[in-house]
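Have a look at this one.
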Amino acid sequence: MVVALRYVWPLLLCSPCLLIQIPEEYEGHHVMEPPVITEQSPRRLVVFPTDDISLKCEASGKPEVQFRWTRDGVHFKPKEELGVTVYQSPHSGSFTITGNNSNFAQRFQGIYRCFASNKLGTAMSHEIRLMAEGAPKWPKETVKPVEVEEGESVVLPCHPPPSAEPLRIYWMNSKILHIKQDERVTMGQNGNLYFANVLTSDNHSDYICHAHFPGTRTIIQKEPIDLRVKATNSMIDRKPRLLFPTNSSSHLVALQGQPLVLECIAEGFPTPTIKWLRPSGPMPADRVTYQNHNKTLQLLKVGEEDDGEYRCLAENSLGSARHAYYVTVEAAPYWLHKPQSHLYGPGETARLDCQVQGRPQPEVTWRINGIPMEELAKDQKYRIQRGALILSNAQPSDTMVTQCEARNRHGLLLANAYIYVVQLPAKILTADNQTYMAVQGSTAYLLCKAFGAPVPSVQWLDEDGTTVLQDERFFPYANGTLGIRDLQANDTGRYFCLAANDQNNVTIVANLKVKGQATLATWLAVPLGGRVRAPGGHQSDFLTYALPSDATQITQGPRSAIEKKGSRVTFTCQASFDPSLQPSITWRGDGRDLQELGDSDKYFIEHGRLVIHSLDYSDQGNYSCVASTELDVVESRAQLLVVGSPGPVPRLVLSDLHLLTQSQVRVSWSPAEDHNAPIEKYDIEFEDKEMAPEKWYSLGKVPGNQTSTTLKLSPYVHYTFRVTAINKYGPGEPSPVSETVVTPEAAPEKNPVDVKGEGNETTNMVITWKPLRWMDWNAPQVQYRVQWRPQGTRGPWQEQIVSDPFLVVSNTSTFVPYEIKVQAVNSQGKGPEPQVTIGYSGEDYPQAIPELEGIEILNSSAVLVTWRPVDLAQVKGHLRGYNVTYWREGSQRKHSKRHIHKDHVVVPANTTSVILSGLRPYSSYHLEVQAFNGRGLGPASEFTFSTPEGVPGHPEALHLECQSNTSLLLRWQPPLSHNGVLTGYVLSYHPLDEGGKGQLSFNLRDPELRTHNLTDLSPHLRYRFQLQATTKEGPGEAIVREGGTMALSGISDFGNISATAGENYSVVSWVPKEGQCNFRFHILFKALGEEKGGASLSPQYVSYNQSSYTQWDLQPDTDYEIHLFKERMFRHQMAVKTNGTGRVRLPPAGFATEGWFIGFVSAIILLLLVLLILCFIKRSKGGKYSVKDKEDTQVDSEARPMKDETFGEYRSLESDNEEKAFGSSQPSLNGDIKPLGSDDSLADYGGSVDVQFNEDGSFIGQYSGKKEKEAAGGNDSSGATSPINPAVALE
C-alpha cells in the first residue's frame, strides 16, 4: 500500500499528549467508562395543581449506572412514597409522581439531588429546587370607592397573589378594553395604576386589575375599583412629587449579564415629564431603552462598568422632584476554568483545575464520588492547591469522579470531572506492510502511530534489527513517525517499528522505495483543497516530497440542478491526480467543449468551476466535468433543467358553433410547453370589440391536463377568445385570438340593484338605481320599467319605461313613503320580477320649534343646554338632528360692537342635550336651537344666558428694574382676559436658595396699579417673584420672574459693545450680561468738529435689556464720541464716524412743511379711514336671507335627490375644545354629540347629514350631484350664492 505524504504531515505536527485520549482506531479492548450526567431537570422546577412531578436524571457509563436520590440531604426513594403513583423508566434515574388530588405536590417540595454510580465512581446532579404552587386566588376584600378631586393624583392598587413565575398584569374595564396609558396614566412594575392627575373623564366604576399566571394558564381579576372624580372649576397647579419610589434614594443590586429595570412615577399638575441622568458618565446608548413614556429605564446585559448612580428627574413648569438609584453590580458564579474529565496512565500526575469568579467571591468546595472532602479519610493521595485537585502517582485504583461546586448568594455552579487511570496494552494503529515512494534527494516520512497505557515507547529498526538512529539523516518524531532526509538509492528497503509498554510489545513493517531524480510535479492547488505545509513549516504550492502514484479520480463532481429562467447556475468539480503528471480539468455541454467566448459573459470557467449566466431554456441539457492527464481521462455528468412560466398556447379552435343558439360554444387548444413545471390550469378569456375593445374578461379556468371545454355564454355578446397556460411560476403568453362569434339576443336575466327613492323638492321623488353592465343587457339596448305606488295601498301601480338610470316623479305630497320596483326590459322581453323597495318623496323645512327645558351653568366656561324632543309629524322629513348656534354678545359690563363670531354644534336626533364648553367667563351669550332634516333648518327657539365670573388670566409683561442694592421696581400690564371684575393683584416672592421657605405674599388692592417698589431685599440673593390678578373668584394664573438686586448683578457690564454707522445714523449694540439686573441709562452723541468741544445731541434714556439703540439725525462724514452715563456716573465711551461726503445743507422750507398743507392732507386721510370702517361694518353684518325668497328663485328643473352618504364632515368636540381660548374641557353628556368648529364646518355623524351654516346661523344644505349656478339671494344677503335648495339638472 502506498501512502501520500499529505496524509502524513498532520501527524508529524502532533506533540506528545500529556493526557490520554483513546483513539477510535483502538479496537478489540473493552474500556469501561465512569458515569457522566447527560440530562437533568432545571435548577428551579415549579409544579402547578394540574401537573405531575417529573424529575429527570440520565447518565451514561460502563458498566451500567445505578441511580439514587436525596431530598433536603436525606435519602429519597420515590417508589416508597404513599398515596401517589410513581412511574420510573428502567436504566434511568428519571421518575414521575402522579397524585390523586390537586394538592399532592405540596408535600414533595424541597431540594433534590440525583447520584449516578458504577464501579468507577459517582456523578452528581446539581440541586433541583422543587416548588409546588396552588391555584391562584385573589383574597376576598371589600373595595371601597376611591374619591378624589379633579387634578389630584391617585394610585389604584393591584396587589396580585404571589407566584413563583413572573406575572403579566393588565388593567381593563368591564368591557374587556384596556385602560389607555400615557404620560398621565401609567401602570408600574408592581402592577398598580398611577394617575399623575385625574380628569373628569377618568370617572369610571370599573377599573379592573387582571393577573395572568402563565404557569397555570389562568387569568384572575380583582374586584372592580370605583374611581369617583369630583369636578372643580379650577385645578391647582402642583410641582412634581414621586409616587414611586417614595424616598429620595434607594440601593439596588444588579446581576451581571441580566437586565436592570429602574422606574420613576411622578404626580403633579401639569403632568410631569421624566428624564434619566447618570452623573458618573454617559448612558450606554446601545444597551439602554426607555419605556412607559420614559418612566422606565431598562439596561440590557449589565456589566461591572454599569456600577454607580442613576437619577430620575420629574419636571413640570412649577418645579422638579428627583430620585437617586445607587446600583451595585454583582455576579453569580461563573467559570474561569472548568474542570475537565481525562484519562491517565499509571504513575502519571492528574490535575483538575476549578477556577471560578463572581461577586461576592464564590466559596469553592470539592467532593469525591459525591462525598464532601471533609468527610473522607485524611490519608488520601490527593491535595487541593490554588483551586486545583492534584493526584500524584495515579494508579487504576485511584479512578474517581470529582465534583467542584462554587456558590455565592446569587447562584451555584457544579462540575463533574473524572480522573480515569487506565492500563491498556500497546497497539500500533498505522497499517502494517505499507509502502512509501520517494524521489532521491527528498525527505521521506514513515508512520508509526501507537497507543497504550502507559504510553508505549517507539523504536525504528533496520532489517538487521539495528536502530536506524545511528545515521544522522534519520530523525524521530514524538508521535512515532520516522523522517529520513537526503534520500539515497540504498535507503530502499524494509524498516521495523517496535512499540512497547509494561503490558506487551508490537511490531509493523514499512517498505520504502526510492526512485531516481525526477522532474518536479505540480499539484493542482484548488481542486485538492489549497496549499500544503511541510514539516518544517514552509508553505508551498509545489510538492517535492514523497508522492503517491495514483489514478486520476473526480473527488467531487457537478450536481444536477433545477434553476429558473434568467437566473444563473454554478457547477463545481474537484479531482485528484498523479502528481508526476500534468493535470487538466475542462467542461463539456451536451458533448461539445465549453469555453469563455470573448466579450460574452455567458460562461465563466475558473479553478474547477463553471458558471452559466442568464439562463434560457436552450441552456438546459447535460454538462460534464472532464479530469485528465496524458495517461487517463475521467468524466462526471450533471443535468440542468431550466424552469419558468409556460410557453404560449400554440393553437386555438372553436367548434360546435351550432350551440350558439343555446349560448354555448366549445373551445379546444393545443398544450403549451410546460418548461419543466407542470401546467396547473388554463385561463380562458374573451373580448367584445364592439362594447369594450382591448379589455379582456375571464370566463373561467380549467385544469392543466384539459385541452378543451364547453363555455356557457351570455346572450348578445361579440366573443373573441384566447387561452393562457399557468404553472407555479405564473402565467405564460396568451394564445392567438380566435374568430369572433355573436350569441343571439334574449330577455334580461338580471334587474338593476341599489334602487332608491328620494326627493330633492317638496313635491317630487327621484328614483335612481345602478344600471346594468353591458354584458347583462342581452340585446343591443336595454331600458328600465319603473313602477311606484304609495305604501300601504293596494291600488294599481303607476309605471314608466326610461333609458336613463333615474326617474323624477312629480306632484307628490311632502314626505310620503312609496313602494318602488325597477325591472330591466329589452327587445326580447322583461327581466325577472323585481323586489319592492321603499322610497320617500321630498322633504320640506321643519315646522317644529324645540322647546328649551333649561340651561344649567356647570362652571364659568361650560353650560348644559336641554330641550324637549320635537313632534316628528312637524319635522316634514327624516329628523337628522338639532343645530345649536351660540355667540358671545360681550362682557357683562359692556356688549361688544365688533363682528359677532358664531359657533355651532350639531346634535344627533336621539339626543336632546348638549354641553357648550370653551365659553368665556363673565360674558353674555345668545343661544338658538333648531331642528333640521335633509331639507334644512326649522324655526329656532332662542335664549340668552350669562356665564359667571372666573379667575383672570396671567398679567402681561412683568419686568424687574434695579433701584439699588436692596430694592427692585416691578412693572406689569393687566391680563388680557379679565374674566370678571379685577379686584387687585397678589404679589409673592421668596429667595431661590431657600427652596420656597420664607415666602412673602401680600395683596395689592388697586386694580389700576401697574408698578410696585420692593425694598429691604437681600443684596446677595436671587428671588422668584409671582404675580397674580384677582377677581372675586380668586387669583388667576401667575406670571413668574426671577432676579436679584443690583448688588447681585454686579457692576453694570457693557461687554461686547460696538457701534456701526450709516450716512445719517449710528447703531450702538451690546450683549446683556446673563443674570444682570435691568437698569436705565443715558446715551449721548457728541460731534467732534471745528468748534471747540464739538456739538452734542440731547441725551437719550435707554433700557439695558433692549440690547441696541439707533441714533438718527447725524451729519454725514462726521466723527462722534458716544458717552454712556448711569445716574450721572460715566460708564463707557467709544467713537464712530458716519458715512458720506460732508455735512448736509438743508434746503429752504417749501409749502410741504407748512401747517395748512399738513392739516389738509391729514383731513383727507381721516375721511378715507372713516369710509373704510363703514364699509367693513356693512360687509361684516352678513345679511340674512329669506328661505321663502330662496325657494321662489330656485331653478325649476329635475334634480338628483339628496343622498345620506354625501353629507359633509363635522369637526369633533375634542378638536373644537382644543381651539377654544377659554375654559376647561368638559365631557359631553352623550358621546354622539359633536359641535361645529369656529370655521363653520360640521362634525361627522356617520355620513347621515351634510349641513353648513353661515356665520349668522343661516342654514346651508349641501347636496350631492352636479352643481349649477343658482339665483341670487335676498337684498340683505352678503352676495354669495346660497345653496339652500339647489337644483341639479339630470342629463
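Because the structure is a prediction, the values reported are computed rather than measured.
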Handout entry: Salt-bridge contact R971-E961 (side-chain N to carboxylate O under 4.0 Å)
Key =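 The answer is yes: the pair qualifies as a salt bridge.
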Practice task
Over all heavy atoms of both residues, which pair between Q1028 and P1035 is shortest? Give the atoms and the distance, please.
Solution key: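 Looking at all heavy atoms of both residues, the shortest contact is NE2-CB, 3.7 Å.
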Exercise for the section: Check the surroundings of atom CZ in R1041: do more than 12 heavy atoms from other residues, nucleotides or ligands lie under 6.0 Å from it? Expected result: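 Yes.
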Exercise for the section: Step by step, work out the side-chain contact (heavy atoms from CB on, under 4.5 Å) result for Q1115 and Y1120. Expected result: CA-CA 10 Å; Q1115 290 294 329; Y1120 284 89; 3.7 Å; yes
Handout entry: Polar side chain donor-acceptor pair, N292 to T186, under 3.5 angstrom
Key =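 Short answer, yes.
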Exercise for the section: To the nearest 0.5 Å, tell me how far Q973 CD sits from H954 NE2. Expected result: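 NE2 of H954 is found 13.0 Å from CD of Q973.
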Problem - Heavy-atom closest pair, residues S320 and P240 - result: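 Minimum heavy-atom contact is N-CD, 3.8 Å.
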Handout entry: Heavy-atom side-chain proximity of H990 to L1000 below 4.5 angstrom
Key =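 They are not in contact (no side-chain heavy atoms under 4.5 Å apart), so the answer is no.
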Problem - S860 versus T947, side-chain donor and acceptor atoms under 3.5 Å - result: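 On atom types as modelled, these side chains do not qualify, holding no pair under 3.5 Å.
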Handout entry: Ring centre gap for W1070 and F1081 strictly below 6.0 Å
Key =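 Yes.
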Practice task
May I ask you to decide whether K239 forms a salt bridge with E315, counting only side-chain N to carboxylate O separations under 4.0 Å?
Solution key: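 No salt bridge links K239 with E315.
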Exercise for the section: Would you check if L987 and L970 make a side-chain contact, meaning some heavy-atom pair closer than 4.5 Å? Expected result: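 A side-chain contact under 4.5 Å exists here.
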Handout entry: Spacing of CG belonging to L318 relative to CD1 belonging to I236, to within rounding of 0.5 Å
Key =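 Between atom CG of L318 and atom CD1 of I236 there are 11.5 Å.
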Problem - Min side-chain heavy-atom separation L1004-V986 under 4.5 Å - result: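 No, too far: nothing below the 4.5 Å cut-off.
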Exercise for the section: If the plane angle is over 60° it's perpendicular, under 30° parallel, otherwise tilted; pick one for W1112 and Y1065. Expected result: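 Rings of W1112 and Y1065: tilted, 30 to 60°.
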Practice task
Indicate yes or no for a side-chain donor-acceptor contact from W972 to the backbone of L1009 under 3.5 Å, with no hydrogens or angles considered.
Solution key: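 Confirmed, W972 side chain pairs with L1009 backbone.
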Problem - Gap between atom OG1 of T232 and atom CD of E152 - 0.5 Å precision - result: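 So the gap between those two atoms works out to 9.0 Å.
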Handout entry: Check: N197 main-chain N/O paired with R184 side-chain donor or acceptor under 3.5 Å
Key =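 Yes; at least one donor-acceptor contact below 3.5 Å.
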Practice task
Specify the closest pair of heavy atoms between K295 and E183, including all atoms of both residues, with the distance to one decimal.
Solution key: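 Where K295 meets E183 most closely, the heavy atoms are NZ-O, 2.9 Å.
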Exercise for the section: Examine distances only and state if a side-chain atom of S923 and a backbone atom of P921 form a donor-acceptor pair shorter than 3.5 Å. Expected result: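 Checked: pair present.
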Exercise for the section: Verify the ring-centre separation between H1012 and F1002: is it less than 6.0 angstrom? Expected result: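 Centroid separation for F1002 and H1012: below 6.0 Å.
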Exercise for the section: Answer whether the closest heavy-atom distance between the side chains of L982 and P952 falls below 4.5 Å. Expected result: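 The answer is yes, as the side chains (C-beta and beyond) meet within the 4.5 Å cut-off.
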Handout entry: From OG1 (T966) to CG (L968), nearest 0.5 Å
Key =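 Rounded to the nearest 0.5 Å, the OG1-CG separation comes out at 9.0 Å.
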Handout entry: N1013, CG atom: more than 12 neighbouring heavy atoms under 6.0 Å
Key =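 Yes, enclosed.
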Handout entry: Close side-chain approach of R278 to P284, heavy-atom, < 4.5 Å
Key =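 Yes, at least one pair of side-chain atoms sits under 4.5 Å.
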Handout entry: Worked verdict on I1158 versus S1162 for side-chain contact (heavy atoms from CB on, under 4.5 Å)
Key = CA-CA 6 Å; I1158 295 174; S1162 299; 4.3 Å; yes
Problem - N/O donor-acceptor pair under 3.5 Å between S977 side chain and N979 backbone - result: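 It does not hold such a pair.
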Exercise for the section: Please answer whether the main-chain N or O of V1071 pairs with a side-chain N or O of S1107 as donor and acceptor at a distance below 3.5 Å. Expected result: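 Checking the backbone N and O of V1071 against the side chain of S1107, no donor-acceptor pair under 3.5 Å is found.
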Exercise for the section: Answer yes or no: is there a side-chain heavy-atom contact under 4.5 Å between L919 and V863? Expected result: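 In contact.
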Exercise for the section: Check whether any side-chain N or O of S946 sits under 3.5 Å from a backbone N or O of S924 as a donor-acceptor pair, and report yes or no. Expected result: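 No, because the side chain of S946 does not come within donor-acceptor range (under 3.5 Å) of the backbone of S924.
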Exercise for the section: Indicate yes or no for a side-chain donor-acceptor contact from T1031 to the backbone of V981 under 3.5 Å, with no hydrogens or angles considered. Expected result: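 Flag not set: sc T1031 to bb V981 has no pair under 3.5 Å.
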Practice task
Evaluate the side-chain proximity of Y925 to R920: yes if any heavy-atom separation is below 4.5 Å, no if none is.
Solution key: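 When only atoms from C-beta onward are counted, Y925 and R920 do touch, with a gap below 4.5 Å.
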Practice task
Quick one: closest heavy-atom pair of V1136 and A1061, and the distance?
Solution key: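 Here V1136 and A1061 meet closest at CG2-CB, 3.7 Å.
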Exercise for the section: Answer yes or no: is there a donor N or O on one side and an acceptor on the other, between the side chain of S917 and the main chain of A862, under 3.5 Å? Expected result: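 No; judged by distance alone, with no hydrogens or angles, the pair does not exist.
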Handout entry: Rounded distance [0.5 Å steps], OG1 in T983 versus CD in E949
Key =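 Result: 8.5 Å between the selected atoms.
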Exercise for the section: Give the C-alpha distance, both sets of side-chain angles, the deciding distance and a yes or no for salt bridge (Lys or Arg N to Asp or Glu O under 4.0 Å) between E267 and R238. Expected result: CA-CA 9 Å; E267 63 94 6; R238 301 187 312 282; 2.6 Å; yes
Problem - H904 and T885: side chain donor to acceptor below 3.5 Å - result: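 There is such a pair between these side chains.
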Problem - Lys/Arg N to Asp/Glu carboxylate O, E1121 vs K1086, below 4.0 Å - result: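 Salt bridge between E1121 and K1086, a charged N being under 4.0 Å from a carboxylate O: no.
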Exercise for the section: Taking all non-hydrogen atoms of both residues into account, name the closest pair between L927 and L916 and its distance. Expected result: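 That would be CD1-CD1, 4.0 Å.
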Practice task
Indicate the atoms forming the closest heavy-atom contact of P975 with Y985, along with that distance.
Solution key: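 Here P975 and Y985 meet closest at CD-OH, 4.1 Å.
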Handout entry: Straight-line distance of T289 OG1 to L297 CG, nearest 0.5 Å
Key =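 It comes to 7.0 Å.
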Practice task
Might you confirm whether atom CG of L1169 has over 12 heavy atoms from other residues, nucleotides or ligands at distances under 6.0 Å?
Solution key: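 Correct, the count exceeds 12.
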Practice task
Would you check if the side chain of T1138 reaches a backbone N or O of D1117 as a donor-acceptor pair within less than 3.5 Å?
Solution key: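 Side chain of T1138 to backbone of D1117, a donor-acceptor pair under 3.5 Å: yes, one is there.
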Practice task
Side-chain contact test, heavy atoms from C-beta onward, threshold under 4.5 Å: evaluate it for S1001 versus Q1026 and give yes or no.
Solution key: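 Contact flag for S1001/Q1026 side chains = no.
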Handout entry: Short side-chain to backbone donor-acceptor contact, S1066 and T1060, under 3.5 Å
Key =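 Indeed, once roles are kept as given, a pair shorter than 3.5 Å links the two residues.
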Practice task
For side-chain contact (heavy atoms from CB on, under 4.5 Å), just list the numbers for F269 and T271, CA-CA rounded to whole Å, side-chain angles, deciding distance to a tenth of an Å, and then say yes or no.
Solution key: CA-CA 5 Å; F269 187 82; T271 302; 5.5 Å; no
Practice task
Could you give me the CA-CA distance, side-chain angles and deciding distance for Q1100 and H1082, then say whether side-chain contact (heavy atoms from CB on, under 4.5 Å) is met?
Solution key: CA-CA 5 Å; Q1100 300 297 316; H1082 288 90; over 6 Å; no
